[in-house]
Amino acid sequence: MASMEKASVLQLVPEVIYQVLEEPINKDELKGRSDIPQSMEEFISEVKNSRLDARTFALKLREMVCLMEQRTRTAKIQEYLYRHVASSTIPKQLHCLALRLANEHSTNAAARLQLPSAELVPTLVDNSYFHFVLASDNVLAASVVAKSVVENALRPNKFVLHIITDRKTYYPMQAWFSLHQLSPAIIEVKALQHFEWFSRGKVPVLEAMEKDQQVRSQFRGGSSAIVANNSEKPHVIAAKLQALSPKYNSVMNHIRIYLPELFPSLDKVVFLDDDIVVQTDLSPLWDIEMKGKVNGAVETCKGEDKFVMSKRFKSYLNFSHPLIAQNFYPNECAWAYGMNIFDLEAWRKTNISLTYHYWVEENLKSDLSLWQLGTLPPGLIAFHGHVEFIDGFWHMLGLGYQENTSYADAQSAGVVHFNGRAKPWLDIAFPKLRPLWAKYVDFSDKFIKGCHIRPS
């Protein structure tokens, strides 16, 4: 019945309309034209007033739709470009906060406290405590993660937070946590250079990052060249712009691959990204049976939100490259970085870190043709076969690149992750989701207030 109705409808539409709509159009011919309707309202008015024949009707319709497509594409690309610029630069408020805290560190002894105090140092290697690792060069972001972890803990006196930062952020980070202690939780702040292992010799990922920077500088010609490409779809351009983000060439983004070496005395840690917010007690993570696996993570190919939870290996790896196609399955379920349980004891018995470095090098040799951005693709490869999937409650994703997730649903998750460009500390954050993060910022604090960091 339906097929008969469709056939009868098609008979009502003159064949000439199909012929015109299928003809190729030279998009350059549309530039500067003033006779093309600018809206559906204009188009309908012109059709009514001019009583167009079928061919002219189809031509007008095709030109209008093509022009609208061009404008939509341009607007979408401009949006991606603006978001790229906004997410790639350091907001003046965060720059101000770092400078004020660095000054406080130099002038105020209370901002230079040993973290943790001498009597609590043994807890840093005590496996009866719950150990969390956060690597960040963003003081405000780190403060929210730490505060949300501790405030939601049922036994905060058993929580140890190891905060790792870089050389330039160490003094501001030290000052913040000296002046904003989260007792009875135990906080350690260290710069990478303070780890004997890291400073002792060559670190493979640092060499890889240097090569990566060189390759990227020649690879795409910068954001202007990406945006100028008229043949690629907006979502491809968005991915390439994202690949230029400074965070993808930051050691903070790679540091998790060195957890066994950075914490040789610890058996298990939970690694947290600095764009997450914890909303529940995380101590039950230590009760999850890892079944000999190394990485406890939420899988990202199953869930109600198909936009966020539809990620498989083919979403990250280039299966048109033979090296990828020969070694992996495109439909294998991916998993999330951001809130991961790492069994360091089990990890030390594997070659995960060597595998990671090998594939990072292979990607560089192939001019970034195995994957384009981030640490998740080599992570998917290196931890392949070593992942224990955990309940999705522990990690809700996507709050930084879409606002389809309702506030109520996000509130019901154990951990929410603002992965994507719209970080909650930026002006481009989604207004309805930002309060989940902002509730852990004291906007009356003298440093926060003095740098004009506001709730919205």
Side-chain angles (χ1 to χ4, degrees), residues 89-125 129 131-153 156-196 198-199 250-252 255 262-263 272-278 423-426 437-455:
T89 54
I90 301 173
K92 62 182 180 181
Q93 294 93 333
L94 296 191
H95 186 60
C96 165
L97 183 62
L99 289 177
R100 282 179 176 247
L101 288 167
N103 181 65
E104 194 75 12
H105 188 276
S106 65
T107 58
N108 182 1
R112 298 192 296 273
L113 298 179
Q114 178 184 340
L115 294 176
S117 56
E119 65 273 16
L120 292 175
V121 167
T123 64
L124 299 180
V125 293
Y129 284 75
H131 293 268
F132 300 87
V133 179
L134 167 66
S136 177
D137 58 1
N138 182 330
V139 176
L140 183 61
S143 74
V144 167
V145 177
K147 191 174 182 181
S148 69
V149 167
V150 175
E151 285 194 2
N152 289 289
N157 59 309
K158 296 296 288 184
F159 277 36
V160 180
L161 275 74
H162 305 268
I163 298 171
I164 305 173
T165 191
D166 57 14
R167 191 188 301 273
K168 67 177 172 55
T169 315
Y170 172 68
Y171 292 134
M173 196 77 79
Q174 170 85 7
W176 177 270
F177 285 101
S178 292
L179 298 171
H180 304 81
Q181 295 194 25
L182 294 170
S183 298
I186 298 138
I187 308 291
E188 176 189 35
V189 178
K190 290 182 83 170
L192 271 175
Q193 290 71 21
H194 295 155
F195 288 91
E196 183 185 350
F198 192 86
S199 59
S250 165
V251 70
M252 293 294 107
I255 202 62
L262 292 172
F263 299 98
L272 303 171
D273 277 356
D274 67 1
D275 53 355
I276 62 105
V277 176
V278 174
K423 301 301 183 192
W425 54 85
L426 298 175
W437 178 87
K439 69 183 287 188
Y440 294 102
V441 180
D442 178 4
F443 292 99
S444 65
D445 178 86
K446 71 172 186 176
F447 296 103
I448 299 293
K449 198 172 181 179
C451 289
H452 308 291
I453 299 170
R454 299 185 177 92

Students often mix this up, so state it plainly: with edges at 30° and 60°, are the rings of His131 and His162 parallel, tilted or perpendicular?
parallel

Mind telling me whether Tyr171 and His105 have parallel, tilted or perpendicular rings, with 30° and 60° as the class edges?
tilted

What distance do [X] atom [atom1] and [Y] atom [atom2] have between them, rounded to the nearest 0.5 Å?
| X | Y | atom1 | atom2 | answer |
| --- | --- | --- | --- | --- |
| Leu115 | Met173 | CG | CE | 11.5 Å |
| Leu124 | Tyr129 | CG | OH | 10.0 Å |
| Leu182 | Phe177 | CG | CZ | 6.5 Å |

Donor + acceptor pair across side chains of Asp442, His180 (<3.5 Å):
no

List the residues meeting ring pair (Phe, Tyr, Trp, His ring centres under 6.0 Å) with Phe159, not counting sequence neighbours, and say none if there are none.
Phe130, Phe132

Would you name the heavy atoms of Val189 and Tyr170 that are closest together and state the gap between them?
O-CE1, 3.6 Å

Give me the atom names and distance for the closest heavy-atom approach of Ser148 to Val278.
OG-N, 3.1 Å

Does Leu113 offer a backbone N or O that forms a donor-acceptor pair with the side chain of Gln174 under 3.5 Å?
yes

Say whether, by atom type as modelled, one donor and one acceptor occur between the side chain of Asp166 and the main chain of Thr169 under 3.5 angstrom.
yes

Residues Phe195, Ile164; criterion side chain to side chain contact (heavy atoms under 4.5 Å, CB included); working and verdict
CA-CA 10 Å; Phe195 288 91; Ile164 305 173; 4.1 Å; yes

